[in-house]
Number of protein chains: 2
Amino acid sequence: MNRQTAEALPTDIPAALLADARRRAVRAGDILFRQGDIPRTILFILSGEIRLVRHGPAGEEIILQRGRGGFLAEASLWSPRYHCDGVAAESGEILEIPREAFERVLEDDGDFQRAWMRHLAGEVRRLRAQCERLSLHGAAERVIHYLESEGEDGRVRLSQSRKSWARELGLSHEALYRVLRRLRDEGVVVAEGDTLWLRQGLKRR
Amino acid sequence: MNRQTAEALPTDIPAALLADARRRAVRAGDILFRQGDIPRTILFILSGEIRLVRHGPAGEEIILQRGRGGFLAEASLWSPRYHCDGVAAESGEILEIPREAFERVLEDDGDFQRAWMRHLAGEVRRLRAQCERLSLHGAAERVIHYLESEGEDGRVRLSQSRKSWARELGLSHEALYRVLRRLRDEGVVVAEGDTLWLRQGLKRR
DNA sequence: CGTACTTTTGAATCGCATCAAATCTGGTGG
DNA sequence: CCACCAGATTTGATGCGATTCAAAAGTACG
């Protein structure tokens, strides 16, 4: 998941964008925008992690997206209001690019335009994969689906705590710990620190 | 959900696209493409319903998207393979637009380009809403979330059977019937044929 | 008018959420 | 350097709600 932007967008941002961008440091917990705010800037994450978050009826956090590097909150470009909160999950640095500047460059720079559309299409694919994963009923199936679809060769380096991974999978953290334990005991999944992978040949159960 | 394309795209397709498009009738059950196929055309739905479908480990159907009118399978424009099946849910008509023609028009027609990006951004928003819904744990919460986010004023005209609505909500059809019954008994939801809506002031439980 | 599918209800089961509590971890300040 | 604290990790017990299996009634369509 933390690869998507790096591969979908040019590594170097067009100079015209950088000219108007404001660099800004953020710390864990900083709220960059709130649901209902009017989007005035596009965010580009230089380092750290920003999350798009909504809250369920009981107040629990629902993570819509975790961004580590690359543009964030793309959908809000065309919408009058943010439909979720933007929260820094750890300290890092971002670029704030004024919306008008972004739209101007998008208008003028054909290469950037193409890259941007590819980026959006990639987001659509990624979100569809997440919907598919959340449609699976078993905890084990979701974990395996995650390893298969987010990793390279079923190998994933987690860039977050297991607790927040659990929320991303739509599970309680206890359920995730338990299923990881079971999958490890059964030899389906191997865990080594932050890195998890599937032992090939054993994908089911 | 069946509004999204109509509002996000110009009602009239650019003439340059129509020139190369092939009109085609489909019947319920027709498979338009399969996961793994190489995308050669972009589909535009004139009537009927096309679904993007994947299959879970137990073979059960997972509906990634239902398209009623408008472009479909946009993400596949930039990807070498389809990542899901395309199946007609009912008889209808589609336009098949060759990929090269689509890319050419996208290159030349600035208005169409903007409309397309807006469309993609809308898809991202729609998918995020679906992820949020699937992250909710209770069946009632998902139904209410659907009515709130997909309807006008919490009022929705279902364009599908409740059984396939259940799959879209990530529920068994029995669970959906039961929760609808309960919500109706409690006076939270009113059902009148295909149309469902929330009785205002009572959103929880 | 028959057949296939949806809708609806019932009963039993199972998995996950929830509540609880102990341990471990990294980071902070004394 | 150590004590301390907040949060993550891990395990246990319990209950609820959704799945599953089953079956009947309703409905659409040829």
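Below, chains carry the letters A, B, ... as their sequence lines are ordered, and counting in each starts from 1. Keep in mind that what you see is a predicted model, and the values were worked out from it rather than measured.
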Provide the closest heavy-atom pair for [X] versus [Y] in the form atom of the first, atom of the second, distance.
X	Y	value
B/R54	B/C84	CG-CB, 3.6 Å
A/D194	A/R157	CB-NE, 3.5 Å
A/L72	A/G67	CD1-CA, 4.1 Å

A/S164 or B/L171: which one's nearest nucleotide on DNA chain D is closer to the 5' end? A/S164

Option from A/R133, A/R125, A/R126 for which salt bridge (Lys or Arg N to Asp or Glu O under 4.0 Å) with A/E150 holds: A/R133

Angle between the two end axes of the helix from C/dC1-D/dG30 to C/dG30-D/dC1, five base pairs per end, rounded to 10 degrees? 50°

Kindly write out the residues that satisfy side-chain hydrogen bond (donor to acceptor under 3.5 Å, both in side chains) with B/R114, not counting sequence neighbours, or none if the list is empty. A/E107, B/D111

What pairs with B/R184 under side-chain hydrogen bond (donor to acceptor under 3.5 Å, both in side chains), at least two apart in sequence or on another chain? none

Residue pairs meeting salt bridge (Lys or Arg N to Asp or Glu O under 4.0 Å), one or both in residues 36-51 of chain A, sequence neighbours left out, come to A/E49-A/R51, A/E49-A/R66, A/E49-A/R68

How many angstroms lie between OG in A/S79 and CD1 in A/I38, if you round to the nearest 0.5 Å? 10.5 Å

Carboxylate-amine/guanidinium proximity below 4.0 Å for A/R155 and A/E152: no

When you measure from the side chain of A/R162 to the backbone of A/H173, do you find a donor-acceptor pair of N or O atoms at a distance under 3.5 Å? no

With nearest nucleotides of DNA chain C determined for A/R142 and B/Q160 from heavy-atom distances, which residue corresponds to the more 5′ nucleotide? B/Q160

Between the protein and nucleotides 21-23 of chain D, list the N/O to N/O atom pairs that are separated by less than 3.5 angstrom.
residue	atom	partner	partner atom	Å
D/dC21	N4	B/E174	OE2	2.9

Quick one: list whatever passes side chain to side chain contact (heavy atoms under 4.5 Å, CB included) with [X], sequence neighbours left out.
X	result
A/E100	A/P98
B/L46	B/R23, B/F44, B/E93, B/L95
B/V179	B/A139, B/A140, B/V143, B/L176, B/R182, B/L183

Taking any atom under 4.0 angstrom from a heavy atom of chain B, which nucleotides of DNA chain C are the first and last to qualify, 5' to 3'? C/dT6 to C/dA17

To the nearest Å, give me how far apart CZ (B/R182) and C1' (D/dC16) are. 12 Å

For atom CG of A/L134 and atom P of D/dA18, their distance in whole Å: 16 Å

List for me each residue that meets ring pair (Phe, Tyr, Trp, His ring centres under 6.0 Å) alongside A/W197, sequence neighbours excluded, and say none if there are none. none

Begin from the C-alpha positions of B/E103 and B/R99 and carry the test salt bridge (Lys or Arg N to Asp or Glu O under 4.0 Å) through to its verdict. CA-CA 6 Å; B/E103 282 169 3; B/R99 190 171 161 154; 3.6 Å; yes

Enumerate all atom pairs, one protein N or O and one N or O from nucleotides 6-8 of chain D, separated by less than 3.5 Å.
residue	atom	partner	partner atom	Å
D/dA8	OP2	A/K163	NZ	3.0

Could you list all N or O pairs between the protein and nucleotides 27-30 of chain D that sit under 3.5 Å apart?
none

